[in-house]
Amino acid sequence: MSGPSTFQPQNPVVKWIERRLPIFGLVHSSFVSYPTPRNLNYWWTFGGILSLMLGVQIITGVILAMHYTPHVDFAFKSVEGIVRDVNYGWLLRYLHANGASMFFIAVYIHMFRGLYYGSYKEPREVLWILGVIIYLLMMATGFMGYVLPWGQMSFWGATVITNLFSAIPYVGESIVTLLWGGYSVDNPTLNRFFSLHYLMPFMIAGVVVLHVWALHVAGQNNPAGVEVKNTEKDTVPFTPYATIKDGFAMVCFMLFYAWFVFYMPNFLGHADNYIPANPGVTPAHIVPEWYYLPFYAILRAIPNKLGGVIAMFAAIIVLAFLPWLDSAKTRSSRYRPLAKQFFWIFVIVCIVLGWLGGKPAEGIYVIAARVLTFYYFAHFLIILPILSRIEKPRAVPNSIADDVLAKNGKKAMASIVVMFAVAGALFAGSVQDARAAEGGPVPPSEKWSFAGPFGKFNQPQLQRGLKVYKEVCSACHSLSYIAFRNLADPGGPGYNAAQAAAFAEEYKVKDGPNDAGDMFERNGRPADRFPAPFPNENAARAANGGAYPPDLSLIAKARSYDRGFPQFLIDVVTQFQEQGPNYLSALLQGYQDEPPKGFDLPPGSYYNTYFPGHSIKMPKPLSDGQVTYDDGSPATVAQYSKDVTAFLMWTAEPHMEARKRLGLQVMIFLAIFAGLMYFTKKKVWASAH
Amino acid sequence: MNPDASTIAAGAPIEVDLTPITDGQAIKVFWRGKPIYISNRTKKEVDDARNVQLSSLPDPQTDQQRTKEGHEKWLVVIGICTHLGCVPIAHEGSYNGFFCPCHGSVYDTSGRIRSGPAPTNLPVPPYEFVSDTKIKIG
């Protein structure tokens, strides 16, 4: 992007355009002939991966916005509509939601790479600061995006984060009112967040252009940290060398991404966000998305409200001053024995801060968070300035060419392995801890036909589960997101369209108004949804001793429990995500006639081993022999519980089978593609090494 | 980007009938999208709130300042934790007042902060007694 281009077009059309707008020359000099250092390792491929992720997020986001409704009454419903009814809507939504996490994984690796190799040092200060600005914009975009599904965590996350600004003296309250557009987080808030969430990615794209421009002016840093001296010997042209290497890394990253999108799409989210937002009920444990957790820990570590907010923002702003805080002449930590050790300590501190951010703010966690917050700032404000004065760096290579000759190629692959291990640990650790499970023993893990990468729903089981729901649960619980036509959907209970229509006929559905202006009842049609047993929440509460029987459509994804360390790490590999079904099944079987001695059971409540707090308003719903099965399955509470749980898993995740089937195809394709890319890359680079 | 006219209009004062609230019960009503706790405090709760050394409070305020004269048993507070805006749960915590489940702030039976990260007491919304059994919030 800098300097006149050496591009010499041959094609007459290209020539004609080039004379008037030298755009081909710009592309050629930026992405084809641009010299890149020969010794770049795979850590340098994350810039390309980030561009890819930005593209994925914008494309999926634009399509999602076509189906989304930014209104408090419809936002949650429209997101469910996207997942259930829009063609490949589940894929778009999971790509977008997990894409945000992938974006942040890549940006953190990209940033740590910059820290380790001193990529912020002269003459790349502006490049680095532009990066900090992109990171801030990403954080704002990610936060606003998380609000849009309008689940419980969306609403309360928005409440907590917008309230941060009220800590600012004098103008704080006015700023919060401006953010809200009202007296609390409400419809105007959702509307403006949607607008800004759509705007900001394009701002990011704009700053990315500046970032790449600055990069191409200063030239890339490299693992040796020495400047290019001889373009001929020290560099290789961007295409084909960097293109093929970045391409290979992108495909590997896509494999990692696809693992989550197709096999555990909700692992990185919160179960609570499958409960629609309710301004009157705060979730027991509010946590932000995993990528904000280190900063959340810093916020909570400071006992003063304003101080906490300042510390949190300072933790990011301090990065912008890094080029002047670390004045060491040697760039790469490879040649700085002390800085290297402190770098790794800093990485660990950030990961542990992330873990603490997901823990409740009490006792030992707060003390640990305070110590680590102090260390976080000390790293930038004390350790690096002192190191740059006292450290004796080792000799750096004379040139990049010397560096290439001195080392072998083994290190890069080791780096990739370490990268995934670190990313995986950071990630899984913080997410799982962020989930709440208060009270009650851990439900036993049961065998589910839909578990694992090849798991499928058992059709007879879904049909039995539907029968249990219809004859028992539906007396109090609605199933509002499910239409009768869904019963005939592929990957469901396996009825045909006529059976689904006949099933719908048995229900009375309210319709109207008719010509006389009156509401009337008619028989159900396949397009109707399961009618709710109560006209509204208050009626449901009044009929159930003050407790609201929740809608069951999403219940299997809206309940979860903590798996603890190190089980959650193993869960990423084994794709365990059946906390919801395990809990539901255990709850249905967990009733005890007599509460244990000393337990004070409030009147109108029942004792349940697995319900948080044990005191549940729902009476024991199932008893042996209550529902007659036609297929000879045992008519026991255990069997009923399993069947209805499997059915509710299907209602929560109706396209699970299609998802896993497409996932297998995508994984096979990407694996083969990655192999081909690897050998092509080897061939291309054979002469350069 | 300030609140539009309809939002402001919807934030007009509301009247709440106190007769259905029994002794020791607390109800939650919504005003301007915010939960407001109206608590019919028992004699013991009122005494607990009044027999406190003011100097021991992080945000010193007497219970008298936070309630209306002649209606001492009624506590009306905005149920939004002054830390980061969660809704505290009534009749919980070590002072049997309010407890915020988010970051563990504990309020007493007068809605005053006693421990935890919240900086100030639960705010008292503008309200007045229209009659002995009815209040107007706003």
Side-chain angles (χ1 to χ4, degrees), chain A residues 72 152 155-167 173-189 191-193 195-196 277-288 296 299-309 359-363 365-366 436 438, chain B residues 1-14 20 22 25-37 58-59 78-94 98-106 113 115-121 123 125-126 137-138:
Chain A
V72 288
Q152 271 290 66
F155 180 89
W156 290 100
T159 301
V160 168
I161 302 295
T162 49
N163 264 309
L164 291 179
F165 293 91
S166 70
E173 295 293 336
S174 320
I175 292 178
V176 174
T177 308
L178 276 181
L179 287 172
W180 288 343
Y183 302 107
S184 57
V185 174
D186 209 337
N187 198 45
T189 324
N191 262 307
R192 59 193 59 189
F193 277 21
S195 167
L196 293 174
N278 182 348
V281 180
T282 316
H285 196 58
I286 297 179
V287 272
Y296 196 56
L299 166 78
R300 300 189 307 180
I302 312 289
N304 176 294
K305 183 175 168 182
L306 178 60
V309 174
K359 289 279 169 200
E362 57 197 29
Y365 298 129
V366 175
E438 267 95 35
Chain B
M1 299 229 291
N2 260 322
D4 63 22
S6 73
T7 308
I8 294 169
I14 54 164
T22 57
Q25 195 193 1
I27 66 155
K28 194 160 59 174
V29 297
F30 276 88
W31 177 64
R32 295 192 166 179
K34 290 175 178 160
I36 307 232
Y37 277 110
D59 180 14
I78 298 181
I80 290 184
C81 182
T82 54
H83 180 225
L84 291 173
C86 299
V87 178
I89 304 162
H91 297 298
E92 290 253 352
S94 38
F98 301 88
F99 173 75
C100 179
C102 293
H103 305 108
S105 294
V106 182
I113 180 67
S115 66
T120 57
N121 301 334
I137 300 173

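Throughout, protein chains are lettered first and strands after them, A, B, ... in sequence-line order, and every chain is numbered starting at 1.
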With a 4.5 angstrom heavy-atom cut-off, which part of A:Pro303 approaches chain B: side chain, backbone, both or neither? backbone
Engaged part of A:Leu299 at the chain B interface, taking heavy atoms whose separation is under 4.5 Å: side chain
If I compare all heavy atoms of A:Thr177 with all of B:Asn2, which pair ends up nearest, and what's the gap? CG2-OD1, 3.9 Å
If you look at every heavy atom in B:Thr7 and A:Pro188, which pair is closest and at what distance? OG1-CG, 4.4 Å
What part of B:Ile89 is in contact with chain A, defined as an atom under 4.5 angstrom from a non-hydrogen atom: side chain, backbone, both or neither? neither
Examine whether an atom of A:Leu179 lies under 4.5 Å from a heavy atom of chain B, and if so say whether it belongs to the side chain, the backbone or both; otherwise answer neither. neither
In terms of heavy-atom contacts, B:Val87 and A:Trp156 come closest through CG2-CH2, 3.2 Å
Heavy atoms of A:Ser184 and B:Arg32 approach each other most closely as OG-O, 3.6 Å
Looking only at heavy atoms, what is the nearest atom pair of A:Arg192 and B:Met1, with distance? NH1-O, 2.7 Å
With a 4.5 Å heavy-atom cut-off, do A:Ile286 and B:Cys86 have their side chains touching? yes
